[in-house]
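I have placed the structure first, in the form of structure tokens, so that the comments after it can refer back to it.
Within every chain, numbering begins at 1; the chains are lettered A, B, ... in the order of the sequence lines, protein sequences first and strands thereafter.
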Amino acid sequence: MSGLRGGILPRSFYAGDTVDVARKLLGCILVHEAPQGITAGKIVETEAYIQGDPACHASRGMTPRNRVMFGAPGYAYVYFIYGMYYCFNAVTASAGVGEAVLVRALEPLQGSHLMRARRGRERLEDLCSGPAKLVQAMGITREHNGADLTCSQLFVCTRETVPGKFVTTTRIGIKEGSEMPLRFYLEGSPFISRK
DNA sequence: GTCCTGATCCTCT
DNA sequence: GAGGATCAGGACG
């Protein structure tokens, strides 16, 4: 699986239009080479957070928490939420622009035994079917905030097969901006967080 | 300093 | 479908 490194998405991939990047990430592989072993999963659900979007963390300017979003594209933005969970985002657009793509669900491809141990769940569909779940299953921590997705232990690879049709809907768990169609998932996947 | 809110998950009912 | 767990950031004084 280390051969996947050959397919690492370049920084230019993330530098494009955020909504476009969110769609193109569907079907790509998120990989984490942890000391305990490698875990990998196919991205089946994403959400875009863009400029002028009230639900975007960057909408009220840069703070110590969201500063990674304003940096160069191709870095991981990991933040703490609800007192218990972390969510993983890929920073997009150009430096100075606070935009990112939230990865909401994965289809486990490798290291499912590790994922089960980290999650305490057996069913494959319960391992990565939510933003906080996949972070836990992949072994991602706050230490990964600001990690370079093009040259670190945490990276994303280009898709190996052409994904099927994807569905565009509204985002989950937000109030303002909830009418914007910025959530994307692979149609029919049993691994998405919800329909 | 204090108060409030939240891009969630899990366990009930 | 509802509610609790649990805590960092941000707004305000």
Side-chain angles (χ1 to χ4, degrees), chain A residues 14 17-23 25-26 30 39 41 43-71 73 75-93 97-108 112 114-147 149 154 156 166-186 189-195:
Chain A
Y14 301 97
D17 175 72
T18 297
V19 176
D20 197 34
V21 172
R23 281 190 290 250
L25 275 173
L26 292 176
L30 178 63
T39 45
I43 297 172
V44 296
E45 182 179 345
T46 60
E47 285 183 1
Y49 285 86
I50 59 179
Q51 253 188 344
D53 167 10
C56 181
H57 281 185
S59 64
R60 287 186 208 85
M62 183 162 67
T63 68
R65 182 200 198 194
N66 66 22
R67 67 181 171 76
V68 175
M69 288 182 81
F70 289 89
Y75 287 84
Y77 171 47
V78 180
Y79 66 89
F80 186 69
I81 193 76
Y82 298 130
M84 319 173 67
Y85 299 109
Y86 291 93
C87 292
F88 167 78
N89 302 247
V91 176
T92 57
V97 180
E99 302 194 346
V101 173
L102 170 67
V103 178
R104 289 190 53 90
L106 303 174
E107 174 181 340
S112 58
L114 250 181
M115 293 183 180
R116 288 193 170 95
R118 286 166 174 159
R119 293 268 306 129
R121 303 273 148 174
E122 284 304 311
R123 291 179 63 233
L124 209 55
E125 297 87 340
D126 289 339
L127 298 179
C128 300
S129 56
K133 296 181 188 178
L134 73 89
V135 162
Q136 190 177 26
M138 295 289 290
I140 297 171
T141 70
R142 77 180 93 195
E143 304 300 314
H144 291 95
N145 188 39
L149 294 175
L154 185 63
V156 185
F166 65 82
V167 182
T168 302
T169 61
T170 51
R171 294 172 296 180
I172 293 173
I174 57 172
K175 289 175 183 164
E176 293 179 295
S178 61
E179 74 288 350
M180 303 172 90
L182 295 176
R183 172 173 175 250
F184 312 96
Y185 64 86
L186 294 182
S189 171
F191 300 99
I192 58 175
S193 63
R194 60 167 261 202
K195 297 208 177 86

For A:Phe80, which residues count as a ring pair (Phe, Tyr, Trp, His ring centres under 6.0 Å) partner, sequence neighbours excluded?
A:Tyr86
With a 4.0 Å cut-off on heavy atoms, is A:Arg194 in touch with a base, just the backbone sugar-phosphate, or nothing at all?
nothing
Any stems for DNA chain B, made of 3 or more Watson-Crick or G-U pairs in a row, each with both distances under 3.5 Å?
B:1-6 with C:7-12, B:8-12 with C:1-5
Across all chains, not counting sequence neighbours, the side chain to side chain contact (heavy atoms under 4.5 Å, CB included) partners of A:Ala137 are A:Met115, A:Arg119, A:Cys128
Select base, sugar-phosphate, or nothing to describe what A:Ala132 touches, counting heavy atoms under 4.0 Å on all strands.
sugar-phosphate
With sequence neighbours left out, write down each residue that passes side chain to side chain contact (heavy atoms under 4.5 Å, CB included) with A:Thr46, or none if nothing qualifies.
A:Ala22, A:Leu25, A:Leu26, A:Ile43, A:Val101, A:Phe184
Toward the 5' end of DNA chain B, by each residue's nearest nucleotide, A:Lys133 or A:Ile172:
A:Ile172
Flag side-chain contact, heavy atom, 4.5 Å: A:Tyr185 against A:Val44:
no
Give the B/S/- string for nucleotides 5-13 of chain C, one per nucleotide from 5' to 3', where a protein heavy atom under 4.0 Å of the base yields B, of only the sugar-phosphate yields S, and otherwise -.
BBBSSSS--
Considering only residues two or more places apart or on different chains, which pairs with a residue in residues 43-65 of chain A satisfy salt bridge (Lys or Arg N to Asp or Glu O under 4.0 Å)?
A:Glu45-A:Arg104, A:Glu45-A:Arg183, A:Glu47-A:Arg104, A:Asp53-A:Arg171
Residues which pass side chain to side chain donor-acceptor pair (under 3.5 Å) with A:Tyr77, listed by chain and number, not counting sequence neighbours
A:His57
Want to settle it: does A:Ile174 or A:Arg119 sit nearer the 5' end of DNA chain B, counting the closest nucleotide to each?
A:Ile174
By side chain to side chain contact (heavy atoms under 4.5 Å, CB included), A:Leu114 pairs with (sequence neighbours left out) A:Gln36, A:Thr39, A:Arg118
Test of understanding: with side chain to side chain donor-acceptor pair (under 3.5 Å), list the residues that count as partners of A:Asp126, not counting sequence neighbours.
A:Arg123
Tell me, please, the opening and closing nucleotides of DNA chain B, 5' to 3', among those with an atom under 4.0 angstrom from a non-hydrogen atom of chain A.
B:dG6 to B:dT11
Go through the structure and list residues passing side chain to side chain contact (heavy atoms under 4.5 Å, CB included) with A:Ala132, not counting sequence neighbours.
A:Tyr85
List for me each residue that meets salt bridge (charged side-chain N to carboxylate O under 4.0 Å, His left out) alongside A:Glu122, sequence neighbours excluded, and say none if there are none.
A:Arg116
